[in-house]
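Reviewing the structure listed below.
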Amino acid sequence: MLLGKVVGTLVATHKDEKMEGLKFLVVRQITVDNAETANYVVAVDAVGAGVGEVVMYASGSSARQTKTTDQRPCDAVIMAIVDTWNVGDEVKYRKD
Amino acid sequence: MLLGKVVGTLVATHKDEKMEGLKFLVVRQITVDNAETANYVVAVDAVGAGVGEVVMYASGSSARQTKTTDQRPCDAVIMAIVDTWNVGDEVKYRKD
Amino acid sequence: MLLGKVVGTLVATHKDEKMEGLKFLVVRQITVDNAETANYVVAVDAVGAGVGEVVMYASGSSARQTKTTDQRPCDAVIMAIVDTWNVGDEVKYRKD
Amino acid sequence: MLLGKVVGTLVATHKDEKMEGLKFLVVRQITVDNAETANYVVAVDAVGAGVGEVVMYASGSSARQTKTTDQRPCDAVIMAIVDTWNVGDEVKYRKD
Amino acid sequence: MLLGKVVGTLVATHKDEKMEGLKFLVVRQITVDNAETANYVVAVDAVGAGVGEVVMYASGSSARQTKTTDQRPCDAVIMAIVDTWNVGDEVKYRKD
């Protein structure tokens, strides 16, 4: 999985029928040191994440393994809200 | 999913039988700030998208989860036409 | 899918039994403007493509969705020979 | 598979129900010459790996082929702890 | 599939039970012109390849389509030993 920060929301009223009712979040990928990058993904939210939160997302077929995304044309899912991680002795992020 | 702008169409009369009847669109990948990039994909259209529209596409096995693309040798599908998205307080795109 | 130009052939007599009888083509990836790149893939041919032709290929599990490649350890398949594509008003390629 | 060094741990109490009970490790990708890179992945641990160890991880759908990760929204799994590898005559790493 | 040169071997005694008995080879990716690159993969050997040989490998779920790797957490498999390939009129590699 990769780490990202939810930076926005996306609306698409005209979409494949299997995508009805899903929430799309714009996620900017962050480095292991918690720096934002230019990479992003639009992910389906499976855990009730909100803008500003740091999340973990799964890509590819694994993105369809939540109840929310099962058998849908979805290749990225937010499957966890991150509390904290460290690299060595350094805490890189801690949720307020 | 990634965001793209439909910039053209592609014709391929000689193709795998499972690809008969599908519409191929040339999609240029765009950044989270709605800038065009050099990256592209040829995607099957599952939602009636047209040239000039901003779309969302799914890749890999997830591209086969629409009725249009089920069990076909297709690794990219347009599964939504985008209305709008924002990053923070800034609206990055709004469909006319 | 991505676009490529078939630039050569590959022979591998010693291979997994499921790959027996398949034709391997060396495909150089091309840009949306029909310029050759340094990227390549060795793809199984499912449509009778030949050296010099511009083709479309599918990657990953989608590469196993043709009759030719079903259930084989193949992650790239040529599933169409391209006739033409355009970007905006410009025809980027037209098969002779 | 790729090689990585386990550099930290990650905690996420709010997550998809299928991810309950799994251990998340922060893995920095290393080169074939055993140099750390800027690339990382958060992987589920299927083998009891610890911080500081050099491991091998599988990505994509293959990351769901362990008992630990079966049918879960997990796209990276540590499936081996590395003892040693060489490139040519040179031992690049040997576990203490 | 991509082309690679087998440059070494890897030993991992502590691993997921499904990986028992498999042979891990260190494969350096090569270009279409047969030049070594910095990219590598650790692949399971399904064809009896040895150090120094030029091989073709499949990635992702396709890496599980050999008898050796079926249903295992393996995302890269050597599925052919290459005899020769050409680009245009130029033979880029020929096995001795």
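Please read all numbers here as calculations on a predicted model, not as lab measurements. Protein chains get the first letters and strands the later ones, always in sequence-line order, with residue 1 at the start of each.
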Taking atom NZ of D/Lys15 as the centre, report whether more than 12 heavy atoms of other residues, nucleotides or ligands fall under 6.0 Å from it.
yes
Greatest number of non-hydrogen atom pairs under 4.5 angstrom with chain D, of E/Ala12, E/Pro73, E/Ala76, falls to E/Pro73
Most heavy-atom pairs under 4.5 Å with chain E, out of D/Gly88, D/Gly60, D/Ser59, belong to D/Ser59
Given side chains that start at C-beta, do those of E/Val26 and D/Lys92 come closer than 4.5 Å, heavy atoms only?
no
N/O donor-acceptor pair under 3.5 Å between D/Asp83 side chain and E/Thr13 backbone
yes
For D/Tyr57, is it the side chain, the backbone, both or neither that has a heavy atom under 4.5 Å from a heavy atom of chain E?
backbone
Within this structure, what is the CZ-CE distance for the pair E/Phe24 and D/Met56, rounded to the nearest 0.5 Å?
4.0 Å
What closest approach, in Å, do D/Ser62 and E/Arg64 show between heavy atoms, and which atom pair accounts for it?
OG-NH1, 2.9 Å
What one should report as the nearest heavy-atom pair of D/Leu3 and E/Tyr40 is N-OH, 3.0 Å
Residues D/Ala58 and E/Asp75: closest non-hydrogen pair is CA-OD2, 3.4 Å
Between E/Val27, E/Thr9, E/Val6, E/Val41, which residue shows the highest count of heavy-atom pairs closer than 4.5 Å to chain D?
E/Thr9
Test side chain to side chain contact (heavy atoms under 4.5 Å, CB included) applied to D/Val87 and E/Arg28, step by step
CA-CA 9 Å; D/Val87 171; E/Arg28 198 184 277 279; 4.2 Å; yes
Under 3.5 Å: donor-acceptor pair, side chain of E/Asp16, backbone of D/Val47
no
Do E/Lys18 and D/Met79 make a side-chain contact, defined as non-hydrogen atoms from C-beta onward lying under 4.5 Å apart?
no
Is there side-chain contact between D/Gln65 and E/Gln71, with at least one heavy-atom pair below 4.5 Å?
yes
From NE2 (E/His14) to CD (D/Glu53), nearest 0.5 Å
8.0 Å
